[in-house]
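Predicted, not measured: the structure shown is a model, and the values here were computed from it.
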Amino acid sequence: MLVGLSGNAYSLGPGDERDFPEMEALRLIAAEYAVPVAEAKVERAVAERAPERRGKRTDVVSREGNDAGNG
């Protein structure tokens, strides 16, 4: 769907997919409310890298050369 559309049995938002009878589907496409969807759907898995962890640094040294933790 390109726009929101509600009926007795459904409530659709932009990006939602629903099967309609052929004539209704053609009418929605002609009115530019919807676009045809490919018959076969292929779901693909995507590997994500773990987020980089940024912890508190413990090796910080002050300008005087002393450990910051020994203040």
Side-chain angles (χ1 to χ4, degrees):
M1 296 300 303
L2 298 175
V3 298
L5 182 69
S6 295
N8 292 336
Y10 56 86
S11 179
L12 304 171
D16 290 345
E17 294 180 13
R18 184 177 195 281
D19 288 329
F20 285 96
E22 184 177 356
M23 293 305 294
E24 181 70 4
L26 293 172
R27 187 183 71 79
L28 291 170
I29 293 167
E32 297 183 359
Y33 284 13
V35 293
V37 177
E39 292 282 332
K41 287 188 180 181
V42 176
E43 199 168 318
R44 294 182 180 4
V46 178
E48 291 186 25
R49 290 181 49 189
E52 187 177 313
R53 295 184 183 250
R54 293 186 177 187
K56 186 176 179 182
R57 290 187 62 181
T58 58
D59 60 346
V60 177
V61 178
S62 68
R63 284 193 224 181
E64 290 80 29
N66 301 325
D67 288 341
N70 294 334

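- When every heavy atom of Ser11 is checked against every heavy atom of Ser6, the shortest pair comes out as OG-OG, 3.4 Å.
- Shortest non-hydrogen contact noted between Ala34 and Met1 is CB-SD, 4.1 Å.
- When each of Leu5, Val3, Leu2 is tested with Leu28 by the rule side chain to side chain contact (heavy atoms under 4.5 Å, CB included), just one qualifies, namely Leu5.
- Shown here is Tyr33, whose OH atom has no more than 12 heavy atoms of other residues, nucleotides or ligands within 6.0 Å.
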